2 protein chains.
Amino acid sequence: MKNQSIPSPVLWRLSLYLRQLEHLATKGFEKTSSRKLAEALQTTDAQVRKDLAYFGQFGRPGVGYRVGELIGQLRHILRTDRLWKVILVGVGDLGRALLRHKSFRRNGFELIAAFDTSPELIGSSVAGVTVRPMRQLSDVVGKLEIKLAVVAVPPDVAQGVTDLLCRAGILGVLNFAPTSLHAPDGVTIRQVDLAAQLEQLSFHVGAAED
Amino acid sequence: MKNQSIPSPVLWRLSLYLRQLEHLATKGFEKTSSRKLAEALQTTDAQVRKDLAYFGQFGRPGVGYRVGELIGQLRHILRTDRLWKVILVGVGDLGRALLRHKSFRRNGFELIAAFDTSPELIGSSVAGVTVRPMRQLSDVVGKLEIKLAVVAVPPDVAQGVTDLLCRAGILGVLNFAPTSLHAPDGVTIRQVDLAAQLEQLSFHVGAAED
DNA sequence: TAGATTGTTAATCGATTAACAATC
DNA sequence: TAGATTGTTAATCGATTAACAATC
């Protein structure tokens, strides 16, 4: 229950720093600086240093940061220095794409079970994961001690599914349905609203046209 | 080039208000209030009113907001009171899911062309959209006056694709590759990083465990 | 050593919240 | 009218930026 004090923009940038550092690592760089990270992410060096300072001292004055080391430390902070088991609810087009998505695994997340209501889907297998009926959800979550879930169901059933997940013991939900979800304290919800993202673009592009 | 002064959190919430209002409309509600909207979105009534006040006066004191009317006004502000043509670059699993995704259309966006480099994919059709070779990109964007693009290619080629899109005249890019993209002034970029979303969850859930 | 870059404090900037007169 | 709710101003809160001593 600690770390309630970390501003969420900081936490979000941590993920972006990690992504950039991983990129630098694959390109063979061994060290970097707050300035170089800032340039890549279009922010300021002061902000990079301030963000990291919430969690400790990771660099050396006059030298910068060791890429591999900082990657390790960020993964530790974000708790992706282990593999999280994740379940998927809703095996529609988006759900199937997420099951096949390789980048989750690479970043410490593994979709290990999928649930749907459709009789045609139940029993079938997508990317090696068997689609199960909803009634098995609570059992699987409990037995395998799963904490995270991805919701990719139609908006009108998303809240119901979330209630079910919370009762089963899920503590983090990534929601792709375009609905604001409510959950008890202690459960974290993140929403990915694809249409909203496009709306941000149309606003800016449309405004520029005038 | 106006409206540079709207804070981006405000703009983002506009999309969330719109989503909620559309939900209320399907449930038959004809009016609502800043308080009810705030409750649904877990914010405050003052913030709802302040956000809307950036754009005009949409409610009536003592009464509230007419749902249908406010939907219209928000769509006008976000420029989704018309249909935007959008192209997709990268027809992998995620790209295919996006082509099949119905909620874009419902919100004012239509994926009308798809591009990929893979010879096996080129010429095939997904959800009624033919996959074209990259060399046709510039031509299609120019002829059909397309402003928006979705990028769903591997991270190592995402910047190159973006450069190509900008040269072709694209003004807004929704990027699904886990890479920070750079573009000239006047081009808006939005990034959707799915792994980063899960990392936010693992941070919170992991911190709660300690 | 000289140059570079950190971690951190203080100053600035911007966004959220509270309060209330105006109005339906 | 009385109760409700807006739009808006002023007060608060929080996040970003600038600056610099410490250090490699």
Side-chain angles (χ1 to χ4, degrees), chain A residues 2-17 20-21 24 29-74 76-77 180 200 203, chain B residues 2-17 20-21 24 29-74 76-77 180 200 203:
Chain A
K2 55 170 191 177
N3 284 332
Q4 295 307 61
S5 56
I6 309 295
S8 60
V10 171
L11 208 60
W12 181 252
R13 284 191 298 266
L14 246 44
S15 286
L16 304 185
Y17 300 150
Q20 177 64 15
L21 286 161
L24 291 176
F29 288 93
E30 295 196 342
K31 40 189 216 173
T32 188
S33 66
S34 56
R35 184 129 89 82
K36 285 189 195 116
L37 285 172
E39 258 166 41
L41 293 245
Q42 278 145 126
T43 177
T44 63
D45 56 339
Q47 182 154 79
V48 173
R49 294 198 299 278
K50 190 108 216 291
D51 287 348
L52 296 175
Y54 279 95
F55 301 94
Q57 308 185 156
F58 305 116
R60 276 197 285 179
V63 179
Y65 302 91
R66 294 195 51 218
V67 172
E69 201 179 294
L70 191 50
I71 287 176
Q73 272 144 343
L74 288 176
H76 180 70
I77 293 164
S180 294
Q200 308 298 298
F203 172 83
Chain B
K2 58 170 187 175
N3 283 332
Q4 295 308 59
S5 58
I6 310 295
S8 58
V10 171
L11 208 61
W12 181 251
R13 284 191 298 265
L14 245 46
S15 286
L16 303 186
Y17 300 150
Q20 177 65 16
L21 287 161
L24 291 175
F29 288 92
E30 296 197 342
K31 43 188 211 170
T32 188
S33 66
S34 56
R35 183 129 90 84
K36 285 191 196 112
L37 284 173
E39 258 164 42
L41 295 239
Q42 277 145 124
T43 176
T44 63
D45 56 338
Q47 181 154 78
V48 172
R49 294 197 301 276
K50 189 107 215 291
D51 287 348
L52 296 174
Y54 279 94
F55 301 94
Q57 308 183 156
F58 306 116
R60 276 197 284 179
V63 179
Y65 303 92
R66 295 194 50 220
V67 171
E69 202 179 294
L70 191 50
I71 288 175
Q73 272 144 340
L74 288 176
H76 180 70
I77 294 165
S180 294
Q200 308 298 299
F203 173 84

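Values reported hereafter were calculated over all heavy atoms of this structure, with side chains retained and with hydrogens, waters and symmetry mates removed. Proteins come first, then strands; the chains are lettered A, B, ... in the order of their sequence lines, and each starts at number 1. Keep in mind that what you see is a predicted model, and the values were worked out from it rather than measured.
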Under 4.0 Å, counting only non-hydrogen atoms across every strand here, what does [X] touch: a base, just sugar-phosphate, or nothing?
X: B:Tyr54; answer: nothing
X: A:Arg60; answer: sugar-phosphate
X: A:Ser34; answer: sugar-phosphate

Practice problem: Name the residue closer to the 5' end of DNA chain D, choosing between B:Ala46 and A:Pro9 according to the nucleotide with the nearest heavy atom. | Solution: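 Mapping each residue to its closest nucleotide by heavy atoms, the 5'-most match is B:Ala46.
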Quiz prompt | Of A:Thr43 and A:Gly62, the one whose closest DNA chain D nucleotide lies more 5' | solution =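 Per heavy-atom nearest nucleotide, the more 5' residue is A:Thr43.
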Drop me the distance from [X]'s [atom1] to [Y]'s [atom2], to the nearest 0.5 angstrom.
X: A:Phe203; Y: B:Leu14; atom1: CZ; atom2: CG; value: 8.0 Å
X: B:Tyr17; Y: B:Phe58; atom1: OH; atom2: CZ; value: 12.5 Å
X: B:Thr32; Y: B:Leu24; atom1: OG1; atom2: CG; value: 5.0 Å
X: A:His76; Y: A:Phe55; atom1: NE2; atom2: CZ; value: 11.0 Å
X: B:Leu74; Y: B:Arg13; atom1: CG; atom2: CZ; value: 13.0 Å

Quiz item: Would you write out the dot-bracket form of DNA chain D, 5' to 3', with Watson-Crick and G-U pairs under 3.5 Å, [ ] for crossing pairs, | for pairs to other strands and . for unpaired bases?
Solution: ..||||||||||||||||||||||
Quiz item: Between A:Ser5 and A:Tyr54, is any pair of side-chain heavy atoms under 4.5 Å apart?
Solution: no
Quiz item: If we only count heavy atoms from C-beta on, is the B:Leu37 to B:Thr43 side-chain gap below 4.5 Å?
Solution: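 A side-chain contact is absent here, since even the closest heavy-atom pair is not under 4.5 Å.
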Quiz prompt | Segment of DNA chain D, first to last nucleotide, that comes within the 4.0 Å heavy-atom reach of chain A | solution =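 The contact span of chain A on DNA chain D goes from D:dA15 to D:dC24.
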Practice problem: Just do the side-chain hydrogen bond (donor to acceptor under 3.5 Å, both in side chains) check on A:Gln20 and B:Ser180 with the steps written out, would you? | Solution: CA-CA 8 Å; A:Gln20 177 64 15; B:Ser180 294; 5.3 Å; no
